[in-house]
Amino acid sequence: MQGDVMARKIGVPPAASQAGTAAGELRLRRAVAQQSAFLWRTLVRLGVRRADAEDAVQEVFLVLARHIDDVPVSSEKGFLLKVALGVASTRRRSRRRRPEQLDDTLDGERDNGPLPDQLVARLRLRQTLQRLLDELPSEQRSVFVLVELEGLTAPEVAHLLDLPLGTAASRLRRGRQGLLKAVARLDLTRELKEFEHG
Amino acid sequence: MADQDPKRRRWLVESSELDQLLGLAELDTPPPGLEARLLQRLREAQLLEARSSAANAGEPLVDPPVTAAEPAHISTADGIGLRAKPVWVAAISTLLAAAAGALLWWGQLPDPSAGADGMLNEERHSVGSRWYGAAEPSSALACTGTYLIRESRGSLNLWTFHLDGTLISTSLGERAGNFSTQHGSWKAVGPLSVRAVQLDFRWASDGSFDSVRRVDITIRGENGGCDAVVGELSGRVFEAGEDFRKLDTASAKPFSDTFTGSRVEVSPE
């Protein structure tokens, strides 16, 4: 299974036991409570379709469930994050192979209150941001997303992803530069105005 | 989030457009009920994996331990069981049910050569389709089999009452209403009288989980038999965070209807 391959890649031995014990189950529940929203956002920002994000989060937690006895609690978030990066990468590749799949729709917005025009503008802008992020190399993208959108610090990201601090900082800098250049090529003035004024 | 630390975005002074664009990402919020759905799906996936591993290893299939939050027997508010039986209980029940069916079949099935009208009501109700509720074998009250049910508001359903006390049904409204086939349990509560409860899943337009619908049913045989039935149903929708086992947790307005039905039978030749 893909998740197990990912677990091996990040140095976790094959699953010795299932999370069937009461302690394992409790820990899994706690991890879901604490990290599911973070993982959902991160996966979406790493290019997983919104419609697929919930499945992707489940995939990540299933890997944790299989290896919960091998992952120290202190490394849990980093483990989840690394698995999520792998899952996102696989899903992006799969998405490229099946380009006919529709991307985000307005369905998720129905309860948020904005006017239809504003919703359309928001959707366009969100797709634009997604395209821009898609243009970044994946290693830059992951550091950029975690720092700029999840609010982690570069040292935190370096720790979570097992990177030297200098490497994380360099990826962040290059990611920022890449996005600035990409945005400069676009004219977003009209769309941003539509979004602001609905 | 990143906006809480303005220093972090100093680099963005070069592009207010990118600043606004990144601000949009803060609108990314997971769908409501994500956590509850994940826990449920994880449990189902773990159960499947455990079964698959056990099957591959040639071990007996045993359900993983059930946590306190998910009791093995779930009692509904009105006492009708939504059963999550251990595998061995289910296996024994199935064997007993099969044995009972075989006895009924061999001992009481009328000779098909009796003719087109050879199967009188009294006889028909004593054969395999006569039903001895698995939950209460002594009541001998209800009638198993498949019924075409017409709700007074017009919807058509097919309900199948199984010998082991389970119920499965399908409705004309499934596609339009975005809900699944219905599964549940039934119990004899009197002569030719049954109460049942069934559940289905409802999806949002994007295919994501929306809610669980619970329908409670009372059904009675007419004219002293089971060929024609009448009854009432009442339904409630339970959204994420609401517990279908507790009727008072449903925030959506309940609905109700009456129905009539007839049993689907092979025409005598």
Would you list the atom pairs, donor with acceptor, under 3.5 Å between side chains in residues 236-243 of chain B and any protein atom, with sequence neighbours excluded?
from: B/E242; atom 1: OE1; to: B/E239; atom 2: N; distance (Å): 2.7
from: B/E242; atom 1: OE2; to: B/S251; atom 2: N; distance (Å): 3.1
from: B/E242; atom 1: OE2; to: B/S251; atom 2: OG; distance (Å): 2.4
from: B/D243; atom 1: OD1; to: B/R245; atom 2: N; distance (Å): 2.9
from: B/D243; atom 1: OD1; to: B/R245; atom 2: NE; distance (Å): 2.9
from: B/D243; atom 1: OD2; to: B/R245; atom 2: NE; distance (Å): 3.4
from: B/D243; atom 1: OD2; to: B/R245; atom 2: NH2; distance (Å): 3.3

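Neither the backbone nor the side chain of A/L133 comes within contact range of chain B; no heavy atoms are under 4.5 Å apart. For A/F144, the part lying under 4.5 angstrom from a heavy atom of chain B is the side chain only.
Within the model, atoms CZ of A/R29 and CD of B/E35 stand 9.5 Å from one another, a figure rounded to the nearest 0.5 Å. Atom CG of B/L38 is separated from atom CH2 of A/W40 by 12.0 Å, given to the nearest 0.5 angstrom. One distance of note links CG of B/L18 with NZ of A/K181; it measures 14.0 Å at 0.5 Å rounding. In this structure, A/E148 CD and B/L22 CG are separated by 7.0 Å, a value rounded to the nearest 0.5 Å.
Atom CZ of B/F201 is surrounded by 12 or fewer heavy atoms from other residues, nucleotides or ligands within 6.0 Å.
For the pair A/Q58 (side chain) and B/R41 (backbone), a donor-acceptor distance under 3.5 Å is present.
Across all their heavy atoms, A/V32 and B/L42 have their closest contact at CG2-CD1, 3.7 Å.
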